[in-house]
Amino acid sequence: MPAPVSDKVKICIDRGGTFCDVIALSDTKGDHVVKLLSVDPDNYADAPTEGVRRVLEWFTGEKIPRNHPIDTSPIEYLRMGTTVATNALLERMGEKCALLINKGHADALEIAFQTRPYLFQLAVKKPDVLYTKVVEIDERIIPEWFEFVEEGRTVAENGDRLIKTPSGVTVRELKPLDEAEVIECLRSLYAEGFRSLAIVLAHSYLLPDDEQRIAKVARDMGFDNVSVSSDIEAKIGFIARGQSTTADAYLTPEVKRYLSGFAKGFKGKLEDAQCRVSFMQSDGALADFKKFSGLRAILSGPAGGVVGFARTSYDRQEGSPVVGFDMGGTSTDVSRFSGTYEHVFETTTAGISISVPQLDINTVAAGGGSILTYRNQMFNVGPESAGAHPGPAAYRKGGPLTVTDANLFLGRLHIDSFPKIFGPTEDMPLDYEIVRQKFEELTEAINKENGSSLSPAEVASGFLNVANSSMARPIRALTEQRGFRTSAHNLSCFGGAGGQHATALAALLGMHNVIVHKYSSILSAYGMAMAEVAVDVSEPFVQEFSKSSIPTIEGRFEGLKTRALKQLQDQGVSEDTVVYDCYLNLQYAGSDTTLMILRPEDDDFSRAFVEEHKREFAFTLDSPVMVAGVRVRATSKGTSTDLSESSPYYEELKQLENSEIAQPEPKAFAINSVYFEEIGQFTDIPLYKLQHLTPGAKIAGPAIILDNTQTIVLHPQNVARILKSHVFIDVGLGPRKEIDLKSVDPIQLSIFSHRFMGIAEQMCRALQKTAVSVSIKERLDFSCALFDANGELVANAPNVPAHLGSMQYAVTYQAERRKGQLKPGDLLVSNIPEAGGGHLPDITIIQPVFDDAGREIVFWVAARGHHTDIGGLEGNSHHPNQIDRLEEGVAFESTFIVRDGIFNEQEIVDTFMKAGDFPNCKPTKRIEHNLSDLKAQCSACAVGTTQLHALFDEYGKDVVHFYMKAIRDNAEACTRDALKPYAGKSYQAVDHFDDGTVVKLKIDVHEDGSGTFDFTGTGPEVLANFNAPPAITRSGLLYCLRTMSGTDIPMNAGVLAPLKIIIPEGSVLSASEDAAVSQGNGEVAQRVADIVFTAFNVMSGSHGSMNGTHLMYKKYTWAETSECLLMHEVNSDTYVTLSVACGGASAGPTWDGQSAVHTNMTNTRIGDLELLETRFPAILREFSIRRGTGGAGQHRGGDGICRIYEALVPMDASHDGQRRVIVPHGTEGGLDGEVGASYLKKRKRAGGFRIVKLKPAHQISMLPGEQLIVHTAGAGGWGTPADAIEKSQVGKSIYVSNKEGSRPPPFTRANGSVSQWGQAQAECD
């Protein structure tokens, strides 16, 4: 039944960063589009209000004065998406807010996951926190360890209260909330002017009572905004939930301020509005403007675009899934739709973890304003953007060349169709001449450097090809990585710049069709008309999924439905319009991979989960299916405007194909000279106005179709069909242009660099998603790479710097070891140092990639992952007392893990079990987890193999190999360029391990950029476990050179090609086959990085250690978060947890060192507090920054951290770390950083506790209530501090009386009695 005709207008607005798009929909007057600048203070105060005013003037035919309140009576509804929250987050311009968090964890959100955003930066940068002040609340609950849970028990043995939560989990109240203390804290904050609060208490997702009590007191006291973590998202994850909550406290007041100002532009301030006012949320649903929050507004505009393309470009009759391609000025968003919206539940925006449902939108930093540069003989597009000011070169503001300029230069933008709004007087057209001049100058420079003869048009076209290649990477990740063929999708193009690139991008991806809606340039606004009011509610619920659990689950669903309905009714929604989607968050027992499963038609959630797991990850597990949470999404189907059809284009295309009515010949309104790579020259082509083309018309490329807001470029092979609401383009995939192999084309060099790295990245995503261990899945301790036929590195996706380059030696070993023995489909497993391994837990899966005939190896792929348990001394592969390789666990030299298509499980299991044959050693206790992770690594290699074969099919073997070599040669040239400024000199440095073992380095750099790195004089192997094979030193050098270059050097074998590396045999850097190496992989790599940076004098010493802590409980097996296990009985099970802690980052000549961050050769995440305390019987009492432990200087070194673990049960603990004796040195007069240390808070026999200091590497036993206290080192300072005094060096260095403030001689230093003697001497000076 058709909807009744309305005499009111519907208005939808997308307020973007540059433009504000407004579309009005009227049953009586049709559609009307308004496009205006988002900020134009000379003409209007608020762009959306001005847009509404202009629409109403059109709709009513009456003049409406500016700055007068607008009458909303002619409006049926007003919907808007806004970048207010996004901009406030990006620019850090939100509300002053305070954070209330558990005692001991004031620094938790500043430390966050301890990773640095960018691996290869000397000046480590971390995102700023959002809160202004933090207050600790002395309250604490933890999940009761499952062994202690007894049904009906309400008091623990020590008197702690036990509480059964609604999720079914019992929690222990360690410290009840002191409401009087809370009131005092809140009064103080209020007096300081705070009006917005974030409340984040550990495990509140299980029991929110204390958070809600604090929130009530705060609201009663008059705080305007109170954000509560358990309200934001009731899900495990202290850091993610905490960052989301502070983001809400930071952004919501800003959003509400904007809404208040917006409302003032209307009569009655929208309080008694006759129209419904809604805002688009990040999950694609509308919310009443009074319920709109900052946290859910971050993807407000892009979400409208997803709804728009989903409802206008997905044809249920035709059935092809659609990729949305939204190209704007600074970035491009891509997303996917196949009948249902795809949500993600944790993302990162501007360095802040956002833990609420959002549409799955992937962003790449390539847009119309992306800056074009030529560096390192390669074409680069972005990530820097010219922005709105100065904008592209053509904007007449002195801007750089951008993607927009390339399109203009090639004739793909029609200058006469652009508004004349440029220049000083804002009345001039786009400046073609300056663009031409800049491209000619750039082309001359490129040809001079590269010895090529490119034309300016070829250079501009090359930059567009590189941009398209960059934008293709997230699309491949969105499709192929999840088990979907990219070529099976249609490409829906929207956004201001999308039409200029869509057909070329589709051809690159093998897509056959491009769909462009008539409102594609304002599709985010148009999509809001088709959006619906919806709410998402969820709660944790832990139980095995079975028939007996279904009634309980259904009860949970009903409870959530009631909550969701109440929230919708609060927004004016009628109950009879509401429909519910029920989801279970499911996972295999023992796995951390969860999948959100929508209720299937047959109600068999378990079957649906297994099928989805197999499709996405290519395997299933023989484990029970567990429920991790329940979710209900309630949607009001009566709140959207029905503008979509079940068949937006398919039926119309069929009718046109069957129609015998001749279509009139389309008439061009202009001719323009346009360059197409396919033709190789500028060609005169027709330009058509879209509004003048009748449905059914065909436009064959080359041609350009324009309307008032967009340009659609048709390449020679494209054919466009004009439909009622769409332009449907047959891409016409033809043969690819022949690539000349006589010389290296820098354009193709850039494109192949993207492709090779993209394949390595897809391998990494596959491994992360399919692994079961937290070590791989959460801590990201793995790497994947491609290698040439000889095993030399081509591309390495750099997750862990210590793996950089070292895998090459594992592959070259196998290439030589197995020459002539391998067949297609074979996979090998290896981990020993003599075969190119690092330490034994880093197990590498290696696969040869054969040509189509199956005769010649043309590539290799490899995936290295850190395994949680491989056995070893007393079952611990990182035991502090290891002195022999045989004490470190399983050893693979060259074993077939897959042969003739068969997974060689028995031999793999047998090898793992042999690790227990050496005296006092035990094998792995969770072999099923080892096997699962090994299968995940095999899956990653399969992804790489498939993608490489696709690359060969696309370009041919000769072309791929030619540019593989060219990229390696390019990396060598980049290394030489990076070293040339250091030519003609020798550089030396000396450093030490904490036991006094010396590391020496002498560097000679030659005029041609080659160099000798000589480690002669380095100490011998040690009777300990921090020896390392040469591959680790090479990895450290590769990392340092890449970082020092400051440019995006491809990570391959070419980086080290110009270097002569001398590593003395028998040294700690060249371990023999008997030497223990478990700590060498990390600690030696860190020391190598430190000494290289010291020799070149680029920055001060870092905290320089991996700082690995292991907690081990000898009764039940739990190895998901461990790097090692400690067993006492062969058949006993053990729970283990691992932390690899951060410290201070180096200072440099222009920067202060960051505190509490991983540096140099590691970048793994630390385990979340709630995850630790849920899965292991321990309490994380404190995780804080040791303020002041960084060395003073003109630029101060970063501070170390303090981490305190308390045992709930008798357990063992070990810690391995460095910089407990040898200080992180200051540079250029900067003071040394403070060393780290470990302590045990130990019970006295007579009662009470005592604090005892532990050795740098130790293993201890702990009783319940005892605490392990870990301090990590700060970093050295840079430059003589203005107020430097000798006392500030107390306890840090023997050499304390250096009056000049220069770096002291490289003596071995200590933090024991000798240090105290030095302190006394300094004080007497």
Are [X] and [Y] close enough that a side-chain donor and a side-chain acceptor fall under 3.5 Å?
| X | Y | answer |
| --- | --- | --- |
| Arg116 | Tyr118 | no |
| Thr1012 | Asp1004 | no |
| Glu1228 | Thr1280 | no |
| Ser1105 | Glu1083 | yes |
| Ser1102 | Asp1090 | yes |
| Arg1220 | His1215 | yes |

Are [X] and [Y] close enough for a salt bridge, meaning some N to O gap below 4.0 Å?
| X | Y | value |
| --- | --- | --- |
| Arg1219 | Asp994 | no |
| Asp107 | Arg1187 | yes |
| Glu1007 | Lys980 | no |

message: As a test of understanding, state which of Thr1018, Ile1063, Val1077, Thr1033 forms a side-chain contact (heavy atoms from CB on, under 4.5 Å) with Val1068.
response: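 Output: one option passes, namely Thr1018.
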
Residues that Ala1275 engages under side chain to side chain contact (heavy atoms under 4.5 Å, CB included), provided they are two or more places apart: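 Checked Ala1275 against side chain to side chain contact (heavy atoms under 4.5 Å, CB included); zero matches.
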
Set of residues satisfying side chain to side chain contact (heavy atoms under 4.5 Å, CB included) with respect to Ala973, sequence neighbours excluded: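 Ala973: side chain to side chain contact (heavy atoms under 4.5 Å, CB included) contacts with Gln377.
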
query: With a 4.5 Å heavy-atom cut-off, do Met807 and Ser783 have their side chains touching?
result: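 SC-SC contact between Met807 and Ser783 confirmed.
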
message: Check this for me: Lys1000, atom NZ, are more than 12 non-hydrogen atoms of other residues, nucleotides or ligands nearer than 6.0 Å?
response: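 At most 12 heavy atoms, drawn from other residues, nucleotides or ligands, come within 6.0 Å of this atom.
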
